Number of protein chains: 2
Amino acid sequence: MTATNGRPAAGSDADRGGGTGRDDTVAAVVRQWRSVHPGLDTGPMEVIGRINRCAALLQQSEDAPLRRAGLSRPEFDLLGALRRTGHELTPSELAKETFSSGAAVTKRLKQLTERGLVERRGDARDRRVAHLRLTDVGRDLVDGLLPEQLAYETAVLSVLAPEGQGELAALLAELLGRLEGRTGALRA
Amino acid sequence: MTATNGRPAAGSDADRGGGTGRDDTVAAVVRQWRSVHPGLDTGPMEVIGRINRCAALLQQSEDAPLRRAGLSRPEFDLLGALRRTGHELTPSELAKETFSSGAAVTKRLKQLTERGLVERRGDARDRRVAHLRLTDVGRDLVDGLLPEQLAYETAVLSVLAPEGQGELAALLAELLGRLEGRTGALRA
DNA sequence: CCAAAGTATTTTACGAGTAAAACATATGCT
DNA sequence: AGCATATGTTTTACTCGTAAAATACTTTGG
């Protein structure tokens with residue numbers, strides 16, 4: 001919690017490595033804060049601010065191939081969950097799997113079922129629960145879209161060297177694993 | 001675009017380093033996809049999926065101190081922009097500064113002005129434009145909240161060693177800088 | 001000076017997510 | 001069996017963001 005931990009001093013390390021690094025907007029914001037509140041440890045901003053901003057930027061571009069297919073990312077995530085698990089899922093399982101609320105899943109399912117991408121089947125034993133599965137059309141849509149989507153993402157990420165991507169993935173995995181360990185239940 | 005680029009092979013590298021690494025949910029998802037579509041290069045998922053998931057998780061916890069003050073993160077960002085630039089800003093400048101649409105800024109300003117955190121002043125020369133500034137109350141709120149918020153974020157991030165945080169910040173800065181270079185205009 | 005075009009901001013209509021309540025059904029206890 | 005409680009899902013009321021239209025003002029060029 002002190003202002004002098006192990007992080008490299010902020011405000012001048014914007015370009016590391018080959019000197020090709022542009023200055024990012026978060027660095028500029030942090031610089032402003034530091035000049036207004038010189039005593040503050042702005043370290044967390046440099047991580048969290050950038051994660052948020054990256055997420056926002058990536059989602060804009062990232063979703064381009066999806067939109068061509070008339071799908072939002074949350075919709076694609078839902079279809080993807082059904083595809084990758086390979087079996088039927090109940091609404092609650094889908095909610096857990098896609099990290100969204102039950103109500104949101106209900107709404108998405110309604111639309112996706114109307115579009116014929118997903119089918120609903122009632123449970124014989126417990127008539128409260130529903131089982132959802134992809135229709136053939138839904139399955140083909142996902143299978144056709146995924147390679148496109150991944151190719152697109154590969155292209156977007158190619159601004160980073162492969163080793164950089166690997167390091168980034170590893171660090172994020174570590175952070176994510178521990179954050180999830182704190183709060184998130186580990187799913188079955 | 002080939003499946004054999006420089007990234008470490010996915011699916012078994014979940015714990016690196018000291019062996020303390022928990023398995024994160026994205027790793028599990030990627031494993032599922034790989035077993036359904038073995039030919040696919042899932043590299044981008046490991047980066048983008050994790051960035052998105054981290055952003056989501058962080059925002060949940062992150063915003064706790066803010067909520068105590070009755071502020072959403074976008075509201076705090078707006079107040080913060082006014083505080084850190086140190087001068088008045090027009091609605092359009094605020095929109096640029098907080099990466100949100102003009103309409104969203106209008107709405108937030110309305111609420112924040114009603115709450116007495118922000119003041120509006122009309123421009124003498126050009127009567128279309130407004131100039132916004134923090135009230136004393138608004139300024140004190142931001143100044144009181146920021147250290148709390150940063151301390152909280154520091155605590156959340158402390159699941160990563162300081163060097164890890166530094167590396168992560170640097171990699172994200174590089175990614176972000178180049179992504180912004182592609183599309184985003186570099187602001188003044 | 002006046003009309004046309006441009007710019008800053010707000011308003012409107014709407015889509016999507018959420019929390020909490022409402023339903024519908026199942027399970028446990030006596 | 002019968003009632004209380006728990007669980008899975010949907011509905012309701014509401015908030016917030018967005019795109020596009022509307023508004024208000026300014027600038028430009030004849």
Side-chain angles (χ1 to χ4, degrees), chain A residues 52-53 55-57 59-60 63-64 66-67 70-79 81-82 88-115 118-133 185 187-188, chain B residues 52 55-57 59-61 63-64 66-67 70-79 81-82 88-115 118-133 185 187-188:
Chain A
N52 287 331
R53 181 94 183 96
L57 270 190
Q59 265 164 0
Q60 274 193 328
D63 296 349
L66 260 43
R67 293 207 189 290
L71 286 177
S72 69
R73 160 125 317 240
E75 284 169 336
F76 185 74
D77 284 351
L78 197 161
L79 298 177
L82 289 172
E88 297 180 328
L89 291 171
T90 68
S92 349
E93 286 167 339
L94 278 168
K96 233 185 234 163
E97 208 62 45
T98 62
F99 309 111
S100 34
S101 74
V105 168
T106 297
K107 287 192 180 181
R108 274 171 221 149
L109 283 176
K110 194 163 137 194
Q111 299 196 133
L112 294 172
T113 325
E114 280 167 3
R115 284 212 245 167
V118 152
E119 268 172 355
R120 169 183 304 256
R121 179 179 70 76
D123 187 298
R125 304 273 176 90
D126 187 339
R127 286 188 304 184
R128 289 170 302 182
V129 343
H131 298 273
L132 284 304
R133 62 167 169 259
R187 106 194 52 278
Chain B
N52 286 331
L57 270 190
Q59 265 164 1
Q60 273 194 329
S61 46
D63 295 350
L66 261 42
R67 292 206 189 291
L71 287 177
S72 69
R73 157 118 330 230
E75 285 168 337
F76 184 74
D77 283 352
L78 197 161
L79 298 178
L82 288 172
E88 296 181 328
L89 291 172
T90 68
S92 348
E93 286 167 339
L94 279 168
K96 232 184 235 163
E97 208 62 45
T98 62
F99 307 112
S100 34
S101 74
V105 168
T106 296
K107 288 192 179 181
R108 276 171 221 149
L109 283 175
K110 194 164 137 191
Q111 299 195 133
L112 294 172
T113 325
E114 279 166 4
R115 285 213 244 166
V118 153
E119 268 173 355
R120 171 183 302 257
R121 180 179 70 76
D123 187 297
R125 304 272 175 91
D126 186 338
R127 284 187 306 184
R128 288 170 303 183
V129 343
H131 297 274
L132 284 304
R133 61 167 169 258
R187 107 192 51 280

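What you see is a predicted model; the values in this text were computed from it and never measured. Note on naming: letters A, B, ... go to the chains in the order of the sequence lines (proteins, then strands), and numbering restarts at 1 for each one.
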[X] [atom1] to [N] [atom2]: how many Å, rounded?
X        : N      : atom1 : atom2 : result
A:Arg127 : C:dT27 : CZ    : P     : 12 Å
A:Arg121 : D:dG8  : CZ    : P     : 16 Å
B:Arg120 : C:dA8  : CZ    : P     : 15 Å
B:Leu78  : D:dG17 : CG    : C1'   : 14 Å
A:Asp126 : C:dG28 : CG    : P     : 12 Å
B:Glu75  : D:dC16 : CD    : P     : 7 Å
B:Gln59  : C:dT18 : CD    : P     : 12 Å
B:Asp123 : D:dA24 : CG    : C1'   : 14 Å

I'd like to check [X] versus [Y] (side-chain heavy atoms, cut-off strictly below 4.5 Å). Are they in contact?
X        : Y        : result
A:Val118 : A:Thr113 : yes
B:Arg115 : B:Leu71  : yes
A:His131 : A:Thr90  : yes
B:Lys107 : B:Gln111 : no

**Q.** Pairwise 5' ranking along DNA chain C for B:Glu93 and A:Ser72, keeping only the more 5' one
**A.**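 Result: B:Glu93.
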
(Q) So if I take residues 103-113 of chain B and measure heavy-atom distances to DNA chain C, which residues fall below 4.0 Å? (A) B:Ala103, B:Thr106, B:Lys107

Q.
For C:dG17 and A:Ser101 - does any side-chain N or O of the residue sit under 4.0 Å from the phosphate oxygens OP1/OP2?
A. no

Q: Please step through salt bridge (charged side-chain N to carboxylate O under 4.0 Å, His left out) for the pair A:Glu75 and A:Arg108, ending with a clear verdict.
A: CA-CA 7 Å; A:Glu75 284 169 336; A:Arg108 274 171 221 149; over 6 Å; no

Q.
By the 4.0 Å heavy-atom rule, please label B:Thr90 as base, sugar-phosphate, or nothing.
A. sugar-phosphate

**Q.** Separation between CG of A:Leu78 and OG1 of A:Thr98, rounded to the nearest 0.5 Å
**A.**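 Atom-to-atom, A:Leu78:CG and A:Thr98:OG1 are 5.5 Å apart.
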
Q | B:Leu89, B:Val105, B:Leu94 screened by side chain to side chain contact (heavy atoms under 4.5 Å, CB included) with B:Leu132, the one that passes | A | B:Leu94

Q) Counting only distance, no hydrogens or angles, is the base of D:dT26 paired donor-acceptor with the side chain of B:Arg128 under 3.5 Å? A)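 For B:Arg128, whose side chain was compared with the base of D:dT26, there is no donor-acceptor pair (under 3.5 Å).
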
